[in-house]
Protein chains: 2
Amino acid sequence: MNINQNIKVAVDAIVFGYADNKLSILLIKQKYGVLKDKWALVGGFVKDNEALIDAVNRELTEETGINVSYLEQLYTFGDNVARDPRFHVISVAYFALVNSTSLILVPDTDAEDAKWFAIDEIPELAFDHQLIIDTAISRLKNKLSYQPIGFDLLPKEFPFSDLENLYCTILQREIDRRNFRKKILSFGFVEETKKFGTKKNGRPAKLFKFNKQKYNKLTKEGFIFEINFA
Amino acid sequence: MNINQNIKVAVDAIVFGYADNKLSILLIKQKYGVLKDKWALVGGFVKDNEALIDAVNRELTEETGINVSYLEQLYTFGDNVARDPRFHVISVAYFALVNSTSLILVPDTDAEDAKWFAIDEIPELAFDHQLIIDTAISRLKNKLSYQPIGFDLLPKEFPFSDLENLYCTILQREIDRRNFRKKILSFGFVEETKKFGTKKNGRPAKLFKFNKQKYNKLTKEGFIFEINFA
DNA sequence: TTCGTATGCGTATTTTTTACGCAAAATTAA
DNA sequence: TTAATTTTGCGTAAAAAATACGCATACGAA
């Protein structure tokens with residue numbers, strides 16, 4: 001069998017972070033090529049005999065040095081054959097979350113500039129990266145309701161109000177504080193610690209933590225995570 | 001920028017059909033190459049400057065001549081770099097449904113042999129195609145509960161018991177006939193026709209049909225499809 | 001006619017969701 | 001110091017949805 005095919009394979013990562021009641025995405029300023037000075041997603045070409053997931057992790061390390069707490073394949077973009085003006089490239093996009101204590105960026109490793117952009121302040125992007133981001137946001141919104149990924153955007157220990165605000169912010173709707181708390185606690189895998197958070201005013205809040213082992217155990221027993229508030 | 005990359009891009013389609021209370025997948029017998037006589041998914045290499053979705057549709061037409069009623073991207077398999085023994089190939093897998101009136105196969109177009117295999121009678125497959133199928137079945141099970149794709153596996157008009165059995169078969173659990181009917185009908189987009197189905201015994205059943213326009217309209221108004229029975 | 005089988009409609013019970021009142025513990029303003 | 005303000009934490013009642021199940025109906029077959 002003789003195959004003559006000249007399509008390049010890239011990976012891109014949409015890295016989400018959450019801080020100060022805002023959802024942000026990590027972007028890289030291109031330093032070379034026709035796209036110099038344009039912002040783009042973390043990503044690059046896959047190497048020969050390199051697994052896709054290894055390629056993403058490599059790019060994440062090389063370009064940002066950041067440690068993601070969640071990573072999954074999002075979608076493969078390859079219906080617009082002219083998405084890259086240079087040649088035919090398909091991009092396997094990945095969806096990543098980092099917890100808010102890891103939000104500080106290390107100095108650039110690869111002579112590139114990485115920066116967080118709030119979701120509603122994304123600059124003009126290279127390629128079809130805005131489409132990719134829109135897809136990722138949509139996935140994040142959906143997943144939040146049937147998978148406990150919100151915890152991957154928070155520090156290990158957090159006050160309940162932070163979790164609640166995270167849901168409000170990302171889902172863009174109001175939530176009844178008391179019912180939300182009741183529901184989450186009824187699951188049994190969010191446990192209180194003995195610590196208290198320090199806030200400017202108001203009653204000090206107990207800090208809680210997500211017990212992943214317990215969540216996994218419950219899941220194996222048939223528990224299905226689901227949060228829906230009208 | 002100079003890129004030297006030698007990765008091939010393929011597409012594969014997992015085509016589901018439903019008949020006689022059984023879920024089946026369409027497979028193709030390989031006639032050439034090292035994998036001669038092995039069964040494989042519908043698929044092949046993407047052409048230069050060909051959109052991924054066009055490649056899938058082309059392969060579906062060339063290899064099966066079948067008309068799918070639902071098609072979506074499933075997942076891109078590229079973590080096992082040796083999944084194809086010949087060279088580095090990543091495969092963008094698609095998930096397809098055909099309604100049971102289109103289940104009859106046309107004579108082979110491309111000197112290839114296509115055949116339906118019940119989900120529990122899949123033969124040994126080429127490449128990592130069993131893994132791809134497992135992923136697809138898992139997706140089908142999930143989607144069935146939050147998207148009305150069951151209708152894409154049935155003929156235009158069907159008795160309620162067929163829909164109910166489809167859910168039982170795919171989700172592999174019992175459903176209360178009466179509650180299931182009540183719930184589906186409460187949605188408002190499954191309408192009764194004046195026709196009656198002909199069965200061997202028992203009371204003749206009204207035929208129903210899925211009104212897609214109505215479903216789309218409700219969805220735009222905020223309706224969210226969901227079926228969950230314990 | 002009677003029996004077996006599958007359809008079609010209804011109602012009661014349980015569980016979950018939703019709405020919302022209010023005390024407690026802190027900071028800030030008076 | 002005291003009162004006002006803010007945020008947390010707990011509870012209870014009403015509304016809605018899920019579940020369980022009874023039973024008449026309509027056909028073919030014995």
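Bear in mind that the values here come from a model prediction, so they are computed numbers and not experimental data. Just so it is clear: chains get the letters A, B, ... in the order the sequence lines come, proteins before strands, and each one is counted from 1.
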Ignoring backbone atoms, test whether [X] places a side-chain nitrogen or oxygen under 4.0 Å from the OP1 or OP2 oxygen of [N].
X	N	result
B/Lys206	C/dA6	no
A/Arg181	D/dG9	yes
A/Lys183	C/dT17	yes

From C-beta outward on B/Asn201, which listed nucleotide comes closest to its side chain: C/dA19, C/dA6, D/dG9?
C/dA6
How long is the line joining [atom1] of [X] and [atom2] of [N], in whole Å?
X	N	atom1	atom2	answer
A/Asn179	D/dA16	CG	P	15 Å
B/Phe208	C/dT7	CZ	P	11 Å
A/Phe187	C/dT16	CZ	P	11 Å
B/Phe160	C/dT7	CZ	P	11 Å
B/Asp176	C/dT7	CG	P	13 Å
A/Ile227	C/dT16	CD1	C1'	14 Å

Return yes if the base of [N] and the side-chain atoms of [X] contain a donor-acceptor N/O pair under 3.5 Å, otherwise no.
X	N	value
A/Arg177	D/dG9	yes
A/Arg203	D/dT8	yes
B/Lys182	C/dT11	yes

Does the pair A/Lys214/A/Glu191 count as a salt bridge with the N-to-O cut at 4.0 Å?
yes
Would A/Glu226 and A/Asn228 count as a side-chain hydrogen bond (donor to acceptor under 3.5 Å, both in side chains) if you check the C-alpha gap in whole Å, the side-chain angles of each, and the deciding distance to 0.1 Å?
CA-CA 7 Å; A/Glu226 199 187 350; A/Asn228 276 311; 2.8 Å; yes
Closer than 3.5 angstrom, by distance alone: can the side chain of B/His129 be matched with the main-chain N or O of B/Ala40 as a donor-acceptor pair?
no
Taking C-beta and beyond as the side chain, do B/Leu163 and B/Ile184 meet within less than 4.5 Å on heavy atoms?
yes
